[in-house]
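Note that the structure is predicted; figures quoted are calculated from it, not measured. Here is how names work: the chains are called A, B, and so on, in the same order as the sequence lines, proteins then strands, and each is numbered from 1. Side chains are part of it too, since the values below use all heavy atoms of this structure and drop only hydrogens, waters and symmetry mates.
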Number of protein chains: 2
Amino acid sequence: MTTEAEYLQQYDPSRFPSPLVTVDSVLFTIAEQALSVLLVQRARQPQQGRWALPGGFIDIEKDDSTHATALRKLTEKTGVSPSWLEQLETFSGPTRDPRGWSLTAAWFALIAWVDCQPHIASVSDAKWVPVSALPNTELAFDHSEIIQAALHRLRQKTMYSLLPVYCLPERFTLTQLHEATEIILGQPIQRKSLIRRFEASGMFEETGESVATGARKARLWRRKPDANIHLFSRNLLAE
Amino acid sequence: MTTEAEYLQQYDPSRFPSPLVTVDSVLFTIAEQALSVLLVQRARQPQQGRWALPGGFIDIEKDDSTHATALRKLTEKTGVSPSWLEQLETFSGPTRDPRGWSLTAAWFALIAWVDCQPHIASVSDAKWVPVSALPNTELAFDHSEIIQAALHRLRQKTMYSLLPVYCLPERFTLTQLHEATEIILGQPIQRKSLIRRFEASGMFEETGESVATGARKARLWRRKPDANIHLFSRNLLAE
DNA sequence: CGAATAGTGTCTATTAGACAGTATGCC
DNA sequence: GGCATACTGTCTAATAGACACTATTCG
């Protein structure tokens, strides 16, 4: 019989074969009227030169969860923190990475295009790719599959929450939210339905400002500082 | 410049410090009118003797995903495959396991009590614990937190699908489904609402049999062999 | 004033909640 | 028949879809 303290003293973490562990994120935005995902060109082997999701290894010294790893990698690539970040799913298996049995904790994130455009435009190894262009793009590892899962999550949540606001700048108009929602779902949405939800959510406040976009000025809104996302009990587009 | 083949030849997976990786599952059932979770007593250090979720290390030789690991561990403990198995979430951090920075891919599962009761009853290191008893139980690692996340998932999904059928035996009555749903949600549900959903789902077929439970006989139903779960676009208990 | 964009009013359709009512089987 | 359990009918309430309507701004 050994105590836990004795056991830990003689514990050797390298005794058992362990999978290769990474963290990858699917960061979406609306770029020029197109739902787009951030891709990064791999600087090193394996799959050197291929486009891949932003991510990498956990820094055991610095990161105190895979959430921290995802946030650190995204901030390195975009210069800012994403507005939304939630765990997606973990992908694993012996063949998804040529180095051997591997596991990646995938995260799902949203950001406003204007918030990171200056940073992205200044580097050559990161770019926004419209999701409509993905079928023609061969990505590293199983990253296409991960993006498909993230896209499914994004569309589902858009039907029962106002998640698309996290793709918009801090101050936004209802028309911007409406357009973002239609772009994500790929079909027309009743503006009235969206506005009803917008009011019922209690998540937003007027800034008092308004902007002209050609005709009547539109009011500018922002998220209330501590408002949590509101989940509706019915979906849009229920058919 | 090295090719990927050259790179892989000299690749040493033990060069970087790596987290300890495990797979744990939260298996629910309805045991004697109580929503219960399967716990296993830890045979070894660390946390020897404490009750914990069924799980363990990935077998790099045998498992071709964490799904396979979860299934293997659950089958070892219960003698059968769970009726429902989906990924929950990955929990990670430097302090959740005394051996160091660790990560567990958590899975969420359902089974009929009668399907595994013979096996569970025959061993002394596994038992069903009603979720109502969990606040008074100190579990290993962060397993209480994992169970809370699973419980939340179970209750959410019960509101927009007929997930509770996966806690029932192969052949079941509408009353059993109704009771399971009420037990999971912890409040009364309109039987009529459930039956409307049951019919609309298209997931079930009559067996032609019926059982007496004291008064009028109840029809026995089963899931159609290849039916996928039906997701409704509105929730129960929307208030 | 007309055109364009922003925003409202209000009718219909769908489906959950409530609960009364009918059916069946055992004593 | 009486009672308990299984099952159905149907009204109300909530909210999404549809779309006509009003409001504001600019030339």
Main-chain N/O of B:R219 paired to B:S210 side chain as donor or acceptor, under 3.5 Å:
no

Spacing of B:L194 atom CG relative to C:dT15 atom P, expressed in whole Å:
16 Å

Between A:R196 and D:dT15, does any side-chain N or O lie under 4.0 Å from OP1 or OP2?
no

Under 3.5 Å side-chain donor-acceptor pair for B:H152 and B:Q148:
no

To the nearest angstrom, how far is A:L162 atom CG from D:dA16 atom P?
10 Å

Could you tell me if A:R222 sits above the aromatic ring of A:F172, with its cationic atom closer than 6.0 Å to the ring centre and no more than 45 degrees from the axis?
no

Atom CG of B:L185 and atom C1' of C:dG17: how far apart are they, to the nearest Å?
15 Å

From CZ of A:F198 over to P of C:dT8, roughly how many Å is that when rounded to an integer?
11 Å

Any A:T213 side-chain nitrogen or oxygen under 4.0 Å from OP1 or OP2 of C:dT5:
no

Answer yes or no on whether A:R197 is positioned over the face of A:F232, meaning its NZ or CZ is under 6.0 Å from the six-membered ring centre and within 45° of the axis.
yes

Would you kindly give the CD-to-P distance between A:Q176 and C:dG7, to the nearest whole Å?
11 Å

Quiz item: B:K192 side-chain donor-acceptor pair to D:dG9 base, under 3.5 Å
yes

What is the distance, rounded to the nearest whole Å, between atom NE2 of A:H178 and atom C1' of D:dG17?
12 Å

Got a sec: does the CZ of A:R171 have more than 12 other heavy atoms crowding it under 6.0 Å?
no

Please state whether the phosphate of C:dA16, meaning OP1 or OP2, lies under 4.0 angstrom from any side-chain nitrogen or oxygen of B:Q190.
no

What integer distance in Å separates B:I195:CD1 from D:dT5:P?
16 Å

Taking the minimum atom-to-atom distance to the side chain of A:L174, which one of C:dG7, D:dC7, C:dA16 wins?
C:dG7

Just call it for B:T175: base, sugar-phosphate, or nothing, with non-hydrogen atoms closer than 4.0 Å on any strand.
sugar-phosphate

So, does B:R191 get its side chain near the phosphate of D:dC7, meaning an N or O under 4.0 Å from OP1 or OP2?
yes

Side chain A:R216 and base C:dA4 donor-acceptor under 3.5 Å:
no

Given atom CD of A:E206 and atom P of C:dA6, what is their separation to the nearest angstrom?
15 Å

Given D:dT15, is OP1 or OP2 found less than 4.0 Å from the side-chain N or O atoms of B:R234?
no

5'-most contact on DNA chain D (nearest-nucleotide basis), A:A215 vs A:I189, goes to A:I189

